[in-house]
2 protein chains.
Amino acid sequence: MPQDRVEAVDRALSVLSAFNEDDLSLSLAEFSRRTGLYKSTILRLLGSLKAAGFVTLGPDGLYSLGPDLWRLGSYYRRRYLPSEVVMPVLERLRNLTKETASFYVRDGENRICLYRVNSERPMRHHLVQGARLPLEKGAAGRVLLAFGPEPPISSQEVRYLGHAISLGERESEIAAISVPVVDDDGQLLGALAVSGLVTRFSEVACETHLDHLRQEARSLTG
Amino acid sequence: MPQDRVEAVDRALSVLSAFNEDDLSLSLAEFSRRTGLYKSTILRLLGSLKAAGFVTLGPDGLYSLGPDLWRLGSYYRRRYLPSEVVMPVLERLRNLTKETASFYVRDGENRICLYRVNSERPMRHHLVQGARLPLEKGAAGRVLLAFGPEPPISSQEVRYLGHAISLGERESEIAAISVPVVDDDGQLLGALAVSGLVTRFSEVACETHLDHLRQEARSLTG
DNA sequence: TTAATCGTTCTGCTTGACAGAACAGTTATT
DNA sequence: AATAACTGTTCTGTCAAGCAGAACGATTAA
């Protein structure tokens, strides 16, 4: 079998996936409801996850995600541009544009928000780290598609311009501008983006944002 | 059995634990060497891990950690003080002291380095995020112990002083000063610390570092 | 050519995990 | 107070799922 898996592991990972942004602590019964697995089964799975430091059991009987999961997870980002390099760039972009600045990388047919610095405006595009978004929609997605391997014909324009602008493409209220970050070897590393309320992205605002983006993207590579 | 586990899950997690700070991409054979498991077994385990987005298989046949592992891992930190709050504080501390600044939380009988901003000096204490260190040794450890639940009698002095200083306690070359970060309810959230080469921590330097630490710790809670 | 890798496929045997009931403890409802 | 509806946990017989190990072809090195 080419797609061979281990059911017990699948189950254990589905237990972990029961956590989400809003629910950081879950009870055994809650796991059972979300996964559809039996409590006795989950208890054993959690036993292994706990032993590995992937979850911790609080004194209130609620399970939370553990430190070892996080430590391993933080290794993921290290393959790309490190935090020390990208974060100052995003902060500069946020200060220059007053909008939310972010850095995306490609993951198969999706894009992942690896770093972000949210705008400080009351009406802001609030991005979540690790969010998985489609490649086809949104400025950063289309940039990753256009400058990645096997770019579709439809992305010819993005390649030519060297940037992408999205006005309410993925979410109707949100506009975004994105430019690629390219290696010395021409390898695509990711996409820088600035995003905010669509009505704030006038033609002239887009121009200045784009200038800042281009400059910062250059500063990332060489 | 009170400590019931699932072997397949234990194995899968031991496969993940084969990754470390230096080796972010591993081959199947390398997994086999490190875990002692058979290649056929590992292949199936990786199948499940890959399906869940916990690992990704590169075109070179090497496995790396996946984005979903990272996304879940980042939820771990959210239970504590979020990055947006702690990081600026650490940066200020680093700028004020020119030493490495860090934020620790307790995890059972250990402490975890949740956030850190490394010093920019050539001879610096280079901390790794997620590092698990003992509670008994080191300034931050003793602070977490003293202000946590069930503090031992030996930590009376730390409680009284409101800080801990370690001169070569855990590592002979490293000195550190740490203060607790306490909730509005008096709940211990973590420990702020500044650390560096032991010879730089003169009595007068300790005093000024301590002032900065106290001030920033206060700014964290309100 | 030989030898030592690599990743992948296949199979019989056995062990380990599952379902489900039953348990005691706690909280909510009446 | 008494019921009901929840918790989390323990136990066990049955069954299949995962393991060990060999065998495979494809690379790469000597």
Side-chain angles (χ1 to χ4, degrees), chain A residues 1-20 22-66 69 79 107-108 149, chain B residues 1-20 22-66 69 79 107-108 149:
Chain A
M1 301 273 176
Q3 279 301 2
D4 225 347
R5 314 221 297 226
V6 178
E7 292 200 1
V9 179
D10 285 339
R11 273 188 263 254
L13 299 182
S14 80
V15 167
L16 283 180
S17 301
F19 289 103
N20 61 45
D22 303 316
D23 309 288
L24 279 67
S25 301
L26 295 173
S27 69
L28 182 60
E30 189 58 32
F31 279 121
S32 178
R33 257 175 259 120
R34 298 194 181 198
T35 60
L37 300 174
Y38 280 79
K39 288 190 293 175
S40 54
T41 301
I42 297 171
L43 201 66
R44 265 176 295 115
L45 295 172
L46 285 172
S48 287
L49 292 169
K50 192 170 62 180
F54 272 48
V55 301
T56 54
L57 177 54
D60 47 2
L62 294 178
Y63 289 87
S64 307
L65 292 163
L69 178 69
R79 288 194 297 151
D107 175 64
Chain B
M1 299 275 173
Q3 280 300 3
D4 224 347
R5 314 219 299 226
V6 178
E7 292 202 359
V9 178
D10 285 339
R11 274 189 260 254
L13 299 182
S14 80
V15 167
L16 282 181
S17 300
F19 289 102
N20 62 44
D22 303 316
D23 310 288
L24 280 68
S25 301
L26 296 172
S27 69
L28 182 61
E30 189 59 32
F31 279 121
S32 178
R33 257 175 258 120
R34 300 195 179 196
T35 60
L37 300 174
Y38 280 78
K39 289 189 292 176
S40 52
T41 300
I42 297 171
L43 201 65
R44 264 177 297 116
L45 295 172
L46 285 172
S48 286
L49 292 170
K50 193 171 60 180
F54 273 47
V55 301
T56 52
L57 176 54
D60 47 4
L62 294 178
Y63 289 87
S64 307
L65 291 163
L69 179 69
R79 287 196 302 148
D107 176 62

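Chain A is the first sequence line, chain B the second, and so forth, proteins listed ahead of strands; every chain is numbered from 1.
In this structure, B/L37 atom CG and C/dT8 atom P are separated by 17 Å, rounded to whole Å. Between the P atom of C/dA17 and the CG atom of A/L49 lies a distance of 13 Å, rounded to the nearest Å. The CG atom of A/D4 sits 9 Å away from the P atom of C/dT9 (whole-angstrom rounding). Taking atom CD1 of residue B/I42 and atom C1' of nucleotide D/dG21, one finds them 14 Å apart after rounding to whole Å. For the pair B/L46 CG and D/dC19 P, the computed distance is 12 Å after rounding to whole Å. Per the geometry, CG belonging to B/L26 stands 15 Å off C1' belonging to C/dG7, to the nearest Å. Rounded to an integer number of Å, the gap from NZ of B/K39 to C1' of D/dA22 is 11 Å. Here D/dC24 presents its P atom at 19 Å from CG of B/L43, a figure rounded to the nearest Å.
Among C/dC6, D/dT9, C/dT8, the nucleotide with an atom closest to any side-chain atom of B/A29 is C/dC6. When each of C/dC6, C/dA19, C/dT9 is scored by its nearest atom to the side-chain atoms of B/R33, the top-ranked nucleotide is C/dC6. Of the candidates D/dT9, D/dC19, C/dG7, the closest approach to any side-chain atom of A/Y63 belongs to D/dT9. Comparing C/dT8, D/dT10, D/dG8 by their nearest atom to the side chain of A/S40 picks out D/dT10.
The phosphate of C/dA17 (OP1 or OP2) has no side-chain N or O of A/T41 nearer than 4.0 angstrom. Contact annotation: A/R11 side-chain N/O to C/dC18 OP1/OP2 distance is under 4.0 Å. Dashed line: the shortest gap from a side-chain N or O of A/Y38 to OP1 or OP2 of C/dG20 is under 4.0 Å. The phosphate of D/dA20 has neither OP1 nor OP2 within less than 4.0 Å of any side-chain N or O from B/R44.
Here the side chain of A/R34 pairs a donor or acceptor atom with the backbone of A/A18 at under 3.5 angstrom. Distance alone, capped at 3.5 Å, places no donor-acceptor pair between the A/T35 side chain and the A/S14 backbone.
A distance of 10.0 Å separates CD1 of A/I42 from CD of A/E30, quoted to the nearest 0.5 Å.
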For DNA chain C, the dot-bracket pattern of Watson-Crick and G-U pairs whose distances stay under 3.5 Å, | for other-strand partners: |||||.||||||||||||||||.|.|||||
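Checking A/E7 against A/G61, the closest nucleotide of DNA chain D that is more toward the 5' end is the one next to A/G61.
Outside the 6.0 Å centre-distance limit, the rings of A/Y63 and A/F54 are not counted as a close aromatic pair.
Side-chain N/O atoms of B/S27 and base N/O atoms of C/dG7 include no donor-acceptor pair closer than 3.5 Å.
A/S64 and A/T56 share no side-chain donor-acceptor pair at under 3.5 Å.
Between A/L62 and A/L26, the closest side-chain pair of non-hydrogen atoms is not below 4.5 Å.
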